Amino acid sequence: MIVGLVGKPSSGKSSTFKAATLIDVKITGIPFCTIEPNVGIGYVIIDCVCKEFKVTCNPRTGVCKNGKRYVPVKLIDVGGLIPGSHLGKGIGNKFLDDLRQASVLIQTVDCSGLTDSEGKPTHGYDPNTEIKFLEDEIDLWFAGVIKRALQKFERRAVASKADLVKVLLEQLSGLEISKSCIELALEKASITDVENFAKVLRKISKPILIAANKIDLKEAQENFEKLKGKYEYIVPTSAEAEIALKKAGEKGLIEYLPGNDFEITGEVSEEQRKALEFIKGQIIGKYGSTGVQDCLNKAVFNLLKFIAVYPVADVNKLSDKDGNVLPDVFLVPQETTVRELAYKIHTEIGEKFICGIDARTKQKLSAAHKLKHGDVVEIAFKK
Ligand SMILES: Nc1nc2c(ncn2[C@@H]2O[C@H](COP(=O)(O)OP(=O)(O)OP(=O)(O)O)[C@@H](O)[C@H]2O)c(=O)[nH]1
Ligand SMILES: [Mg+2]
(Lines give C-alpha, C1' and ligand atoms only; values in the text may rest on other atoms or scores of the structure.)
(Ligands and ions follow the chains in the order given, each with its own letter.)
Protein backbone atom coordinates (compact mmCIF):
# COMPACT_ATOMS: atom_id res chain seq x y z
CA MET A 1 0.00 0.00 0.00
CA ILE A 2 1.63 3.24 -1.16
CA VAL A 3 0.20 6.73 -0.68
CA GLY A 4 1.56 9.33 -3.13
CA LEU A 5 1.88 13.01 -2.23
CA VAL A 6 1.35 15.30 -5.21
CA GLY A 7 0.86 19.03 -5.70
CA LYS A 8 2.33 22.16 -7.20
CA PRO A 9 5.74 23.40 -6.00
CA SER A 10 5.78 24.92 -2.49
CA SER A 11 2.32 23.61 -1.58
CA GLY A 12 3.73 21.61 1.32
CA LYS A 13 4.23 18.04 0.05
CA SER A 14 7.57 17.55 1.79
CA SER A 15 6.23 19.22 4.94
CA THR A 16 3.28 16.81 4.96
CA PHE A 17 5.69 13.92 4.35
CA LYS A 18 7.87 15.06 7.24
CA ALA A 19 4.84 15.53 9.50
CA ALA A 20 3.64 12.00 8.75
CA THR A 21 6.97 10.17 8.83
CA LEU A 22 9.15 12.45 10.97
CA ILE A 23 11.89 12.02 8.38
CA ASP A 24 13.89 15.22 8.16
CA VAL A 25 13.58 16.05 4.45
CA LYS A 26 14.50 19.28 2.71
CA ILE A 27 11.79 21.95 2.97
CA THR A 28 12.16 25.46 1.53
CA GLY A 29 9.98 28.22 0.14
CA ILE A 30 11.86 27.89 -3.16
CA PRO A 31 9.90 25.97 -5.82
CA PHE A 32 11.21 22.59 -7.01
CA CYS A 33 12.93 21.99 -3.73
CA THR A 34 12.33 18.24 -4.07
CA ILE A 35 13.90 16.54 -7.08
CA GLU A 36 14.49 12.94 -6.05
CA PRO A 37 11.43 11.41 -4.41
CA ASN A 38 11.37 10.87 -0.64
CA VAL A 39 10.08 7.51 0.50
CA GLY A 40 9.14 6.72 4.09
CA ILE A 41 6.68 5.09 6.44
CA GLY A 42 3.63 6.86 7.84
CA TYR A 43 0.76 5.30 9.78
CA VAL A 44 -2.97 4.95 9.59
CA ILE A 45 -4.52 4.71 13.05
CA ILE A 46 -7.35 2.29 13.83
CA ASP A 47 -9.12 1.08 16.96
CA CYS A 48 -7.24 -2.12 17.72
CA VAL A 49 -9.25 -5.27 18.44
CA CYS A 50 -6.97 -5.96 21.45
CA LYS A 51 -9.38 -3.98 23.65
CA GLU A 52 -12.37 -6.08 22.65
CA PHE A 53 -10.43 -9.33 23.17
CA LYS A 54 -8.87 -7.96 26.39
CA VAL A 55 -5.33 -8.88 25.37
CA THR A 56 -2.04 -7.00 25.10
CA CYS A 57 -0.77 -7.14 21.56
CA ASN A 58 2.81 -7.39 20.26
CA PRO A 59 2.84 -5.65 16.87
CA ARG A 60 5.61 -6.81 14.53
CA THR A 61 5.37 -3.48 12.70
CA GLY A 62 3.91 -0.21 13.98
CA VAL A 63 2.74 0.13 17.57
CA CYS A 64 -0.39 -0.06 19.71
CA LYS A 65 -0.95 2.75 22.23
CA ASN A 66 -4.03 2.74 24.46
CA GLY A 67 -5.92 0.52 22.04
CA LYS A 68 -5.02 2.65 19.01
CA ARG A 69 -3.07 0.65 16.48
CA TYR A 70 -0.62 2.43 14.17
CA VAL A 71 -0.55 0.48 10.92
CA PRO A 72 2.34 1.33 8.58
CA VAL A 73 1.72 2.66 5.07
CA LYS A 74 4.42 3.70 2.61
CA LEU A 75 4.48 7.36 1.60
CA ILE A 76 6.14 8.88 -1.43
CA ASP A 77 6.80 12.61 -1.79
CA VAL A 78 7.60 13.65 -5.36
CA GLY A 79 8.70 16.86 -7.08
CA GLY A 80 6.29 19.73 -7.72
CA LEU A 81 3.91 19.58 -10.68
CA ILE A 82 3.12 22.59 -12.84
CA PRO A 83 0.85 22.99 -15.89
CA GLY A 84 2.60 21.06 -18.68
CA SER A 85 4.56 18.72 -16.39
CA HIS A 86 3.29 15.68 -18.27
CA LEU A 87 5.06 17.10 -21.35
CA GLY A 88 8.29 17.57 -19.44
CA LYS A 89 7.87 21.17 -18.20
CA GLY A 90 9.35 22.16 -14.84
CA ILE A 91 11.56 19.36 -13.65
CA GLY A 92 10.15 17.00 -16.26
CA ASN A 93 7.84 14.05 -16.11
CA LYS A 94 10.20 11.32 -14.92
CA PHE A 95 9.06 11.77 -11.36
CA LEU A 96 5.44 11.27 -12.36
CA ASP A 97 6.51 7.71 -13.04
CA ASP A 98 7.54 7.53 -9.39
CA LEU A 99 3.79 7.53 -8.68
CA ARG A 100 3.13 4.35 -10.66
CA GLN A 101 3.02 2.19 -7.55
CA ALA A 102 0.80 4.53 -5.54
CA SER A 103 -2.70 3.24 -4.77
CA VAL A 104 -4.10 6.61 -3.71
CA LEU A 105 -2.91 10.20 -4.02
CA ILE A 106 -3.05 13.11 -1.61
CA GLN A 107 -2.84 16.48 -3.31
CA THR A 108 -1.46 19.16 -1.03
CA VAL A 109 -2.91 22.51 -2.04
CA ASP A 110 -1.54 25.85 -0.85
CA CYS A 111 -4.94 26.95 0.36
CA SER A 112 -3.65 30.42 1.30
CA GLY A 113 -3.41 31.48 -2.35
CA LEU A 114 -0.05 33.08 -1.54
CA THR A 115 1.83 31.11 -4.23
CA ASP A 116 1.04 30.80 -7.96
CA SER A 117 0.82 27.73 -10.23
CA GLU A 118 4.60 27.45 -10.22
CA GLY A 119 5.00 28.00 -6.49
CA LYS A 120 6.19 31.61 -6.72
CA PRO A 121 4.95 34.14 -4.14
CA THR A 122 1.78 36.03 -5.10
CA HIS A 123 -1.53 37.22 -3.57
CA GLY A 124 -5.06 36.01 -4.18
CA TYR A 125 -4.25 32.95 -6.30
CA ASP A 126 -7.38 30.80 -6.60
CA PRO A 127 -6.71 27.31 -5.13
CA ASN A 128 -9.44 25.91 -7.47
CA THR A 129 -7.05 26.53 -10.38
CA GLU A 130 -4.39 24.45 -8.68
CA ILE A 131 -6.80 21.61 -7.90
CA LYS A 132 -8.01 21.50 -11.51
CA PHE A 133 -4.66 21.70 -13.30
CA LEU A 134 -3.12 19.10 -11.07
CA GLU A 135 -5.88 16.59 -11.77
CA ASP A 136 -5.47 17.31 -15.51
CA GLU A 137 -1.72 16.74 -15.33
CA ILE A 138 -2.13 13.42 -13.55
CA ASP A 139 -4.84 12.33 -16.02
CA LEU A 140 -2.75 13.32 -19.05
CA TRP A 141 0.25 11.46 -17.69
CA PHE A 142 -2.01 8.44 -17.18
CA ALA A 143 -3.33 8.80 -20.75
CA GLY A 144 0.28 8.82 -21.99
CA VAL A 145 1.07 5.58 -20.18
CA ILE A 146 -2.13 3.97 -21.53
CA LYS A 147 -1.41 5.17 -25.09
CA ARG A 148 2.04 3.60 -24.98
CA ALA A 149 0.53 0.39 -23.65
CA LEU A 150 -2.11 0.38 -26.41
CA GLN A 151 0.47 0.86 -29.14
CA LYS A 152 2.11 -2.33 -27.98
CA PHE A 153 -0.99 -4.41 -28.26
CA GLU A 154 -2.46 -2.92 -31.41
CA ARG A 155 -0.43 -5.45 -33.29
CA ARG A 156 -2.20 -8.26 -31.44
CA ALA A 157 -5.74 -9.35 -32.27
CA VAL A 158 -8.17 -8.36 -29.53
CA ALA A 159 -11.29 -10.41 -30.14
CA SER A 160 -13.45 -9.83 -27.06
CA LYS A 161 -13.87 -7.59 -24.05
CA ALA A 162 -12.24 -10.27 -21.91
CA ASP A 163 -9.23 -10.13 -24.24
CA LEU A 164 -9.09 -6.36 -23.89
CA VAL A 165 -9.20 -6.60 -20.09
CA LYS A 166 -6.44 -9.21 -20.17
CA VAL A 167 -4.22 -7.16 -22.45
CA LEU A 168 -4.79 -3.93 -20.49
CA LEU A 169 -4.08 -5.69 -17.22
CA GLU A 170 -0.85 -7.05 -18.63
CA GLN A 171 0.27 -3.79 -20.22
CA LEU A 172 -0.65 -1.64 -17.25
CA SER A 173 0.76 -4.00 -14.64
CA GLY A 174 3.34 -1.39 -13.58
CA LEU A 175 0.53 0.97 -12.58
CA GLU A 176 -0.83 -1.24 -9.76
CA ILE A 177 -4.31 -1.45 -11.28
CA SER A 178 -6.56 -4.38 -10.45
CA LYS A 179 -8.67 -6.32 -12.92
CA SER A 180 -11.91 -5.09 -11.34
CA CYS A 181 -10.80 -1.44 -11.79
CA ILE A 182 -10.16 -2.04 -15.51
CA GLU A 183 -13.50 -3.81 -15.94
CA LEU A 184 -15.34 -1.01 -14.18
CA ALA A 185 -13.60 1.65 -16.27
CA LEU A 186 -14.50 -0.19 -19.50
CA GLU A 187 -18.14 -0.23 -18.40
CA LYS A 188 -18.08 3.51 -17.89
CA ALA A 189 -15.97 4.66 -20.85
CA SER A 190 -14.90 3.49 -24.28
CA ILE A 191 -11.23 2.79 -24.93
CA THR A 192 -11.48 4.55 -28.31
CA ASP A 193 -11.36 7.93 -26.53
CA VAL A 194 -8.13 7.24 -24.67
CA GLU A 195 -8.00 10.54 -22.77
CA ASN A 196 -11.49 10.11 -21.38
CA PHE A 197 -10.85 6.44 -20.60
CA ALA A 198 -7.65 7.43 -18.78
CA LYS A 199 -9.57 9.98 -16.69
CA VAL A 200 -12.18 7.40 -15.69
CA LEU A 201 -9.61 4.70 -14.94
CA ARG A 202 -7.41 7.10 -12.96
CA LYS A 203 -10.36 8.18 -10.82
CA ILE A 204 -11.18 4.56 -10.00
CA SER A 205 -7.64 3.25 -9.57
CA LYS A 206 -5.77 6.22 -8.08
CA PRO A 207 -8.32 8.51 -6.43
CA ILE A 208 -7.16 11.92 -5.16
CA LEU A 209 -7.84 13.39 -1.72
CA ILE A 210 -7.32 17.13 -1.35
CA ALA A 211 -5.32 18.43 1.61
CA ALA A 212 -6.17 22.13 1.92
CA ASN A 213 -2.79 22.96 3.45
CA LYS A 214 -1.43 25.99 5.36
CA ILE A 215 -4.79 26.25 7.17
CA ASP A 216 -2.90 28.05 9.98
CA LEU A 217 -2.88 31.12 7.70
CA LYS A 218 -5.85 33.51 7.75
CA GLU A 219 -6.02 33.60 3.92
CA ALA A 220 -6.23 29.79 3.83
CA GLN A 221 -9.06 29.75 6.36
CA GLU A 222 -11.01 32.22 4.21
CA ASN A 223 -10.41 30.23 1.02
CA PHE A 224 -11.29 26.96 2.71
CA GLU A 225 -14.82 28.23 3.41
CA LYS A 226 -15.29 28.61 -0.35
CA LEU A 227 -13.72 25.27 -1.23
CA LYS A 228 -15.18 22.90 1.31
CA GLY A 229 -18.58 22.29 -0.26
CA LYS A 230 -17.14 21.86 -3.75
CA TYR A 231 -15.07 18.72 -3.36
CA GLU A 232 -16.13 15.39 -1.94
CA TYR A 233 -12.83 14.59 -0.26
CA ILE A 234 -11.13 17.65 1.14
CA VAL A 235 -9.38 17.93 4.51
CA PRO A 236 -7.97 21.17 5.97
CA THR A 237 -4.36 20.60 7.06
CA SER A 238 -1.45 22.38 8.63
CA ALA A 239 1.64 20.32 7.98
CA GLU A 240 3.68 22.89 9.89
CA ALA A 241 1.52 22.56 13.00
CA GLU A 242 1.67 18.77 12.82
CA ILE A 243 5.48 18.86 12.66
CA ALA A 244 5.53 21.21 15.68
CA LEU A 245 3.19 18.96 17.71
CA LYS A 246 5.07 15.74 16.88
CA LYS A 247 8.37 17.41 17.84
CA ALA A 248 6.92 18.76 21.09
CA GLY A 249 5.53 15.27 21.79
CA GLU A 250 8.95 13.68 21.24
CA LYS A 251 10.54 16.16 23.65
CA GLY A 252 7.93 15.32 26.28
CA LEU A 253 6.49 18.85 26.27
CA ILE A 254 3.02 17.66 25.35
CA GLU A 255 0.93 14.51 25.38
CA TYR A 256 -0.23 14.12 21.79
CA LEU A 257 -1.97 11.38 19.86
CA PRO A 258 -1.87 12.35 16.16
CA GLY A 259 -5.29 13.28 14.85
CA ASN A 260 -6.44 14.53 18.27
CA ASP A 261 -6.02 17.40 20.68
CA PHE A 262 -2.97 17.67 22.98
CA GLU A 263 -2.18 18.64 26.54
CA ILE A 264 0.86 20.49 27.79
CA THR A 265 2.65 18.16 30.20
CA GLY A 266 6.22 19.52 30.31
CA GLU A 267 8.09 22.73 30.99
CA VAL A 268 7.50 25.08 28.06
CA SER A 269 8.91 28.52 27.37
CA GLU A 270 6.61 31.50 26.90
CA GLU A 271 7.24 31.37 23.14
CA GLN A 272 6.43 27.65 22.96
CA ARG A 273 3.26 28.17 25.00
CA LYS A 274 2.12 30.89 22.60
CA ALA A 275 2.78 28.71 19.54
CA LEU A 276 0.95 25.77 21.13
CA GLU A 277 -1.99 27.97 22.12
CA PHE A 278 -2.19 29.26 18.57
CA ILE A 279 -2.40 25.68 17.24
CA LYS A 280 -5.06 24.82 19.81
CA GLY A 281 -7.19 27.88 19.14
CA GLN A 282 -6.76 28.48 15.44
CA ILE A 283 -6.44 24.93 14.12
CA ILE A 284 -7.61 22.19 16.51
CA GLY A 285 -10.39 24.39 17.93
CA LYS A 286 -11.70 25.20 14.46
CA TYR A 287 -11.03 22.01 12.48
CA GLY A 288 -10.70 19.28 15.12
CA SER A 289 -7.06 18.43 14.36
CA THR A 290 -4.08 19.44 12.21
CA GLY A 291 -5.62 17.22 9.53
CA VAL A 292 -2.48 15.32 8.48
CA GLN A 293 -3.48 12.08 10.20
CA ASP A 294 -7.05 12.49 8.98
CA CYS A 295 -5.78 12.70 5.39
CA LEU A 296 -3.97 9.38 5.63
CA ASN A 297 -6.88 7.62 7.30
CA LYS A 298 -9.46 9.03 4.87
CA ALA A 299 -7.28 8.21 1.84
CA VAL A 300 -6.94 4.57 2.88
CA PHE A 301 -10.32 3.85 4.45
CA ASN A 302 -12.75 6.27 2.74
CA LEU A 303 -11.36 6.73 -0.76
CA LEU A 304 -9.74 3.36 -1.30
CA LYS A 305 -12.24 1.72 1.04
CA PHE A 306 -9.62 -0.65 2.39
CA ILE A 307 -10.25 -2.73 5.51
CA ALA A 308 -7.88 -3.91 8.25
CA VAL A 309 -7.69 -7.61 9.07
CA TYR A 310 -5.57 -9.52 11.58
CA PRO A 311 -4.14 -12.85 10.44
CA VAL A 312 -3.11 -15.16 13.31
CA ALA A 313 -1.73 -18.72 13.48
CA ASP A 314 -3.87 -19.69 16.49
CA VAL A 315 -7.38 -18.32 17.04
CA ASN A 316 -7.39 -19.36 20.69
CA LYS A 317 -4.22 -17.53 21.63
CA LEU A 318 -4.70 -14.87 18.90
CA SER A 319 -1.01 -15.30 18.22
CA ASP A 320 1.55 -16.32 15.62
CA LYS A 321 3.50 -19.54 16.07
CA ASP A 322 6.00 -17.77 18.35
CA GLY A 323 3.30 -16.58 20.72
CA ASN A 324 3.17 -12.93 19.60
CA VAL A 325 -0.39 -11.70 20.16
CA LEU A 326 -2.09 -9.99 17.16
CA PRO A 327 1.30 -9.48 15.49
CA ASP A 328 0.05 -8.26 12.11
CA VAL A 329 -2.58 -6.05 10.60
CA PHE A 330 -3.08 -6.30 6.84
CA LEU A 331 -4.69 -3.48 4.88
CA VAL A 332 -6.64 -5.12 2.08
CA PRO A 333 -9.34 -4.06 -0.41
CA GLN A 334 -12.97 -4.43 0.62
CA GLU A 335 -14.40 -7.77 -0.54
CA THR A 336 -11.05 -9.55 -0.08
CA THR A 337 -11.74 -13.25 0.38
CA VAL A 338 -10.21 -15.62 2.93
CA ARG A 339 -8.25 -17.39 0.19
CA GLU A 340 -6.91 -14.06 -1.12
CA LEU A 341 -5.75 -13.22 2.40
CA ALA A 342 -4.02 -16.62 2.57
CA TYR A 343 -2.11 -15.79 -0.62
CA LYS A 344 -1.15 -12.39 0.81
CA ILE A 345 0.32 -14.06 3.91
CA HIS A 346 2.35 -16.49 1.81
CA THR A 347 1.94 -18.04 -1.65
CA GLU A 348 2.43 -21.49 -0.14
CA ILE A 349 -0.32 -20.90 2.44
CA GLY A 350 -2.61 -19.85 -0.44
CA GLU A 351 -1.76 -22.98 -2.42
CA LYS A 352 -2.20 -25.35 0.53
CA PHE A 353 -5.31 -23.56 1.83
CA ILE A 354 -7.93 -25.67 3.64
CA CYS A 355 -10.19 -23.08 5.31
CA GLY A 356 -10.24 -19.98 7.47
CA ILE A 357 -11.28 -19.86 11.14
CA ASP A 358 -12.94 -16.80 12.66
CA ALA A 359 -11.45 -15.88 16.05
CA ARG A 360 -14.73 -14.47 17.39
CA THR A 361 -17.07 -17.35 16.49
CA LYS A 362 -14.45 -20.13 16.00
CA GLN A 363 -16.48 -21.02 12.89
CA LYS A 364 -14.90 -22.28 9.68
CA LEU A 365 -14.77 -19.80 6.81
CA SER A 366 -14.85 -20.90 3.17
CA ALA A 367 -12.27 -19.78 0.60
CA ALA A 368 -14.77 -17.37 -0.96
CA HIS A 369 -15.92 -15.84 2.35
CA LYS A 370 -15.51 -12.07 2.25
CA LEU A 371 -13.59 -10.47 5.10
CA LYS A 372 -14.83 -7.53 7.19
CA HIS A 373 -12.93 -4.69 8.85
CA GLY A 374 -11.52 -5.92 12.16
CA ASP A 375 -11.72 -9.63 11.36
CA VAL A 376 -9.19 -11.85 13.14
CA VAL A 377 -8.59 -15.00 11.12
CA GLU A 378 -6.53 -18.16 11.23
CA ILE A 379 -5.78 -19.90 7.95
CA ALA A 380 -5.67 -23.70 8.14
CA PHE A 381 -3.48 -25.24 5.45
CA LYS A 382 -2.04 -28.64 4.52
CA LYS A 383 1.28 -29.07 6.26
N1 LIG B 1 2.13 28.42 7.08
C2 LIG B 1 2.40 27.21 6.59
N3 LIG B 1 3.44 27.02 5.77
C4 LIG B 1 3.69 25.78 5.30
C5 LIG B 1 2.87 24.66 5.65
N6 LIG B 1 3.36 23.57 5.02
C7 LIG B 1 4.43 23.97 4.30
N8 LIG B 1 4.64 25.31 4.46
C9 LIG B 1 5.73 26.14 3.86
O10 LIG B 1 5.62 26.10 2.44
C11 LIG B 1 6.93 26.08 1.84
C12 LIG B 1 7.06 24.90 0.91
O13 LIG B 1 7.02 23.71 1.67
P14 LIG B 1 7.54 22.30 1.09
O15 LIG B 1 7.07 21.25 2.02
O16 LIG B 1 9.00 22.35 0.79
O17 LIG B 1 6.73 22.25 -0.28
P18 LIG B 1 6.78 21.17 -1.47
O19 LIG B 1 5.39 21.02 -1.95
O20 LIG B 1 7.47 19.94 -1.03
O21 LIG B 1 7.65 21.95 -2.57
P22 LIG B 1 8.54 21.37 -3.80
O23 LIG B 1 9.38 20.26 -3.30
O24 LIG B 1 9.33 22.53 -4.22
O25 LIG B 1 7.57 20.94 -4.84
C26 LIG B 1 7.93 26.07 3.01
O27 LIG B 1 8.34 27.39 3.24
C28 LIG B 1 7.12 25.53 4.17
O29 LIG B 1 7.59 25.96 5.42
C30 LIG B 1 1.79 24.89 6.57
O31 LIG B 1 1.03 23.99 6.95
N32 LIG B 1 1.61 26.18 6.99
MG1 LIG C 1 9.16 19.01 -1.69
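Since this is a predicted model, take the numbers as computed values, not measurements. Indexing begins at 1, ligand by ligand and atom by atom, following the structure's order. Along the sequence shown, the residues carry numbers beginning at 1.
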Q: Check whether the ring centres of Phe306 and His373 lie less than 6.0 Å apart, and answer yes or no.
A: no
**Q.** Cation over ring face, Lys199 and Phe142, 6.0 Å, 45°
**A.** no
**Q.** Criterion side chain to side chain contact (heavy atoms under 4.5 Å, CB included) against Ile191, the qualifying member of Leu201, Leu164, Asn196
**A.** Leu164
Q) Could Lys280 and Phe262 be counted as a cation-pi pair, given that NZ or CZ must be under 6.0 Å from the ring centre and within 45° of the axis? A) yes
Q. Should Lys246 and Glu242 count as an ion pair when the cut-off is N to O under 4.0 Å?
A. yes
Q | Minimum heavy-atom distance Ser289-Ile283, with the two atoms named | A | O-CG2, 3.6 Å
Q) Is Asn38 close enough to the Mg ion (ligand 2) to have an N, O or S atom under 2.8 Å? A) no
Q. Backbone or side chain, does Ser15 get an N/O/S atom under 2.8 Å to the Mg ion (ligand 2)?
A. no
Q. Is the NZ or CZ atom of Lys8 both under 6.0 Å from the centre of the six-membered ring of Tyr125 and within 45° of that ring's axis?
A. yes
In a simple table, one pair per line, please give the protein and ligand 1 atom names for every N or O pair closer than 3.5 Å, along with the distance.
unit_1	atom_1	unit_2	atom_2	d
ligand 1	1 (N)	Asp216	OD2	2.8
ligand 1	3 (N)	Glu240	OE2	3.2
ligand 1	6 (N)	Asn213	ND2	3.2
ligand 1	10 (O)	Lys214	NZ	3.1
ligand 1	15 (O)	Ser14	N	3.4
ligand 1	15 (O)	Ser15	N	2.8
ligand 1	15 (O)	Ser15	OG	2.6
ligand 1	16 (O)	Thr28	N	3.4
ligand 1	16 (O)	Thr28	O	3.3
ligand 1	17 (O)	Gly12	N	3.2
ligand 1	19 (O)	Ser11	N	3.2
ligand 1	19 (O)	Gly12	N	3.0
ligand 1	19 (O)	Lys13	N	2.9
ligand 1	19 (O)	Lys13	NZ	2.7
ligand 1	20 (O)	Ser14	N	2.9
ligand 1	20 (O)	Ser14	OG	3.0
ligand 1	21 (O)	Ser10	N	3.0
ligand 1	23 (O)	Thr34	N	2.9
ligand 1	23 (O)	Thr34	OG1	2.8
ligand 1	24 (O)	Phe32	N	2.8
ligand 1	24 (O)	Cys33	N	2.7
ligand 1	25 (O)	Lys13	NZ	2.8
ligand 1	25 (O)	Gly80	N	3.3
ligand 1	29 (O)	Glu240	OE2	2.9
ligand 1	31 (O)	Asn213	OD1	3.3
ligand 1	31 (O)	Asp216	OD1	3.4
ligand 1	31 (O)	Ser238	OG	3.4
ligand 1	31 (O)	Ala239	N	3.0
ligand 1	31 (O)	Glu240	N	3.2
ligand 1	32 (N)	Asp216	OD1	2.8
ligand 1	32 (N)	Asp216	OD2	3.4

